[in-house]
Structures are given as C-alpha cells and as structure tokens.
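Contents: one structure, followed by commentary.
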Amino acid sequence: LWMKRGGHVAVCLHHCAAHAGLGIIMYHPEGALKHLVVLNPVEFLIAPFAMVVCDFKVHRVPEHEQVRRSFPREWTRLTKNGVLNKRLLPILWKRFPNSKELEILAVKYGIIVPLLVPEAKGGDKAAGEAEYLVPSILRQDALEPPRQALQLTAFIVMATRDTLERDWGGSVKVENVVNEGFYPMGLFSRLMGKAVAWDQIVSERATSDVGHLRVGEALLSFGAHIFRLSLAEKQGSIQVSIHVGNPLEIMFTLHRLCLEVLSECAPGLSCSVAVPVDGGRGGDYLGYEGELVLLHGPD
C-alpha cells in the first residue's frame, strides 16, 4: 500500500487500527520507507527473505537455479560463505514488488549487513561490487584458535530490565542467568553483523574475506582491539574472549551495539556486561558455573 503524503499515511493507519480489524501493521517513517505501509508484514517479508536465508541444499526454487547458471561465482560465494552480491537480488526477488524497500528492510532488521566495497584496481571504489554479509547462513565449522594469548574473558547477559535491576543487582550466579535470563541464540547473528559493520567504520577497511565468521562465533576487531565473540550455552549468554587491546573499549562498544539490537527486535529485554568473580583472567571459562559480576546495568 503506497501513500504519497505523510498526512495520508497517518489517516490510513488510524483507520486501519480503529475500523479495519487488521493485525500488526508495519510502517517506518524514515527515508525511502515513509510511503510504504505493510498490512501483512509476515507475508510481505518472510517469502523474499527466505530466498536468501535458507538451507540451499533443501530449499531450491527456480530463482536459485537461474542465479546459479547466470552468476556461478556469486552463487558459490552466497551458499558457501554467506556473502550476497547485490546483483543477485533482481533475480532472487523478481516475483516480489518493492524490491528496493525489501533490501532496505533486510538491512534495517539485520538480515543482511552491508560490507564496504573494496577498491578495484586503480583505486576506483565505484568499480567494486556491493556485497552483503548474511550472518544466519555462515559456515558452522569451528574457527581455529586465535594466535594471540587470551587476555580476559567476559560475558554479555540478557534478561528483562526488572530481572537485571531488581533480581540480579550487582552479581548473579550462572545458574540464575541460564534459568531466568534470555539465551540470545537468535540475536547473536545480529550483534555479530553490527560488530562487523562497526569494525569497517573504525578501521576504514573494506574486505571480502569472511573466513573469520561462523554462525555461532566470530573473530573480530575494533581497530587494533581483537576479540572472539561466541555463543555460550552453558552460561546462557554471549562470551567475549579478549586477546588484544583495551577490554573496556571492546565491552563498552559491544554493550552499546547489543542495546541497539534489543531496541530493534526485543525492546522488552536489556543487557549487561558481566565478568567471572575472579576477574575473567583465569584461562578457560567454557564450563564456568560460578558467580558473575555485572559491570553494565541496563541503560
């Protein structure tokens, strides 16, 4: 549904909410999305996004076969490495209208993450091809251990704001995090995507190499600060293993990015940085079951 003027959008939304008996309506007032009102967000988003985020060994449609034939190199890069070349979208989404808006929404919701365009030969950035990282379909094999020695281990825990403020306070047992907190399996890829994007901004480095990224873990950096991000099922949280750099700088940035993720897709939750009671410098915390000290309360 297209609205040409902002006032018309407001009137339409009020009418739909008050009289039409519709369910959830999606509307974003910013930029290229401000003229689009989606009356059925699930139908509008799921089918086109599933063309990109899927198990390509099982879910094969004619558009996939057309891409494979027309762009074999880019198809392999998507299916094997989780990197989507923008030139594939007109084929993958040819059955769906509003492909421009779908692309913007996919970025907004972290389904795809823009990668900086590497300079082509001669220093011409415009000659490069736009690519997106698709965090949910990255490789699942384990990463090689980092070469640098482990400096500190911390965790990012998530729960409702009341749980963080009133129940956990300044410290919490891992058992309580597991039982009362929110295990961020579905949010990890979005946090990783934001971390990759931030790394590109602070380092001003464009790269097409995603060999350091996996579905449940990533070896990342913020400039000179190097760390490993991974899902920590036994602690019900995200583990941050810091190898090089300032731990406070890394954790402050990750906390901020995590709050952004939660505000976008789980506004009822908040997060906190936590370290083991021994300070996080005791080596391996894979099976840690002790106390966690909360360093960042909810903002």
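We're numbering straight along the sequence, starting at 1. The basis for the numbers below is simple: all heavy atoms, side chains too, and nothing from hydrogens, waters or symmetry mates.
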Same cluster or not: [X] versus [Y], using hydrophobic residues (I, L, V, M, F, W, Y) connected whenever any side-chain heavy atoms lie under 4.5 Å apart?
X	Y	result
Val210	Ile201	yes
Val52	Val61	yes
Leu150	Val273	no
Val277	Leu294	yes
Val215	Met185	yes

Taking [X] for its side chain and [Y] for its backbone only, find out whether a donor-acceptor pair lies under 3.5 Å.
X	Y	result
Glu63	Lys94	no
Arg95	Leu92	no
Arg281	Gln151	yes
Trp75	Val67	no
Arg214	Asp141	yes
Tyr288	Asp284	no
His225	Leu220	no
Gln235	Leu286	yes

Is any side-chain heavy atom of [X] closer than 4.5 Å to a side-chain heavy atom of [Y]?
X	Y	value
Tyr109	Glu264	no
Tyr183	Leu231	yes
Pro135	Arg190	no
Ser270	Leu259	yes
Val38	Glu101	no
Val113	Met192	no
Leu84	Leu89	yes
Arg87	Phe71	yes

Between [X] and [Y], which heavy-atom pair has the shortest distance, and what is it?
X	Y	answer
Phe188	Leu229	CZ-O, 3.7 Å
Gly223	Val202	N-CG2, 3.6 Å
Pro97	Leu102	O-CD1, 3.8 Å
Thr153	Ser241	OG1-OG, 4.5 Å
Pro146	His243	CG-NE2, 3.5 Å
Ser237	Phe155	OG-CD2, 3.3 Å

Which value, rounded to the nearest 0.5 Å, describes the distance between [X] atom [atom1] and [Y] atom [atom2]?
X	Y	atom1	atom2	value
Glu65	Arg60	CD	CZ	5.5 Å
Leu138	Leu213	CG	CG	5.5 Å
Leu248	Thr253	CG	OG1	10.5 Å
Leu254	Ile156	CG	CD1	4.5 Å
Leu133	Ser189	CG	OG	9.5 Å
Leu292	Ser272	CG	OG	9.5 Å

TODO: Compute the centroid of each ring, for Phe44 and then for Phe96, and state whether the two points are separated by less than 6.0 Å.
DONE: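 No - the distance between ring centres of Phe44 and Phe96 does not fall below the 6.0 Å cut-off.
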
Open item on the list: If you count heavy atoms of other groups shown closer than 6.0 angstrom to CD of Gln148, is the number above 12?
Closed with: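 Yes, because the 6.0 Å sphere around CD of Gln148 holds more than 12 heavy atoms from other groups.
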
Open item on the list: Are there over 12 heavy-atom neighbours, none belonging to Glu175, within less than 6.0 Å of that residue's CD?
Closed with: no

Side-chain donor-acceptor pairs of residues 166-174 under 3.5 Å, sequence neighbours excluded:
residue: Trp168; atom: NE1; partner: Glu180; partner atom: OE1; Å: 2.9
residue: Ser171; atom: OG; partner: Glu291; partner atom: OE2; Å: 3.1

- [ ] Anything under 30° is parallel, anything over 60° is perpendicular, the rest tilted; go ahead and classify His64 against His59.
- [x]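 His64 and His59: perpendicular rings.
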
Task: side-chain contact (heavy atoms from CB on, under 4.5 Å) between Leu45 and Met26, worked out - done: CA-CA 11 Å; Leu45 297 176; Met26 186 175 70; 4.0 Å; yes

Task: Those residues that, when tested against Lys234, pass side chain to side chain donor-acceptor pair (under 3.5 Å) (two or more places apart) - done: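 If we apply the side chain to side chain donor-acceptor pair (under 3.5 Å) test to Lys234, skipping adjacent residues, there are no hits.
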
- [ ] Could you pull out all residues at least two apart from Asn246 that satisfy side chain to side chain donor-acceptor pair (under 3.5 Å)?
- [x]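 Expected list: none.
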
Open item on the list: List the residues meeting side chain to side chain contact (heavy atoms under 4.5 Å, CB included) with Pro114, not counting sequence neighbours, and say none if there are none.
Closed with: Val107, Tyr132

Task: CA sep, side-chain torsions, deciding dist, call: Met251, Val275, side-chain contact (heavy atoms from CB on, under 4.5 Å) - done: CA-CA 11 Å; Met251 298 311 300; Val275 296; over 6 Å; no

Task: Derivation of the side-chain contact (heavy atoms from CB on, under 4.5 Å) call for Val134 and Val83 - done: CA-CA 6 Å; Val134 190; Val83 176; over 6 Å; no

Open item on the list: Once side chain to side chain donor-acceptor pair (under 3.5 Å) is applied, what residue pairs with a partner in residues 43-57 remain, sequence neighbours excluded?
Closed with: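 Counting only pairs at least two positions apart or across chains, the side chain to side chain donor-acceptor pair (under 3.5 Å) contacts touching residues 43-57 are Asn40-Glu43.
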
Open item on the list: Using a 4.5 Å cut-off between side-chain heavy atoms of Ile, Leu, Val, Met, Phe, Trp and Tyr, which other residues end up in the same hydrophobic cluster as Val244?
Closed with: Leu143, Leu219, Ile226

Task: Lys/Arg N to Asp/Glu carboxylate O, Lys100 vs Glu103, below 4.0 Å - done: no

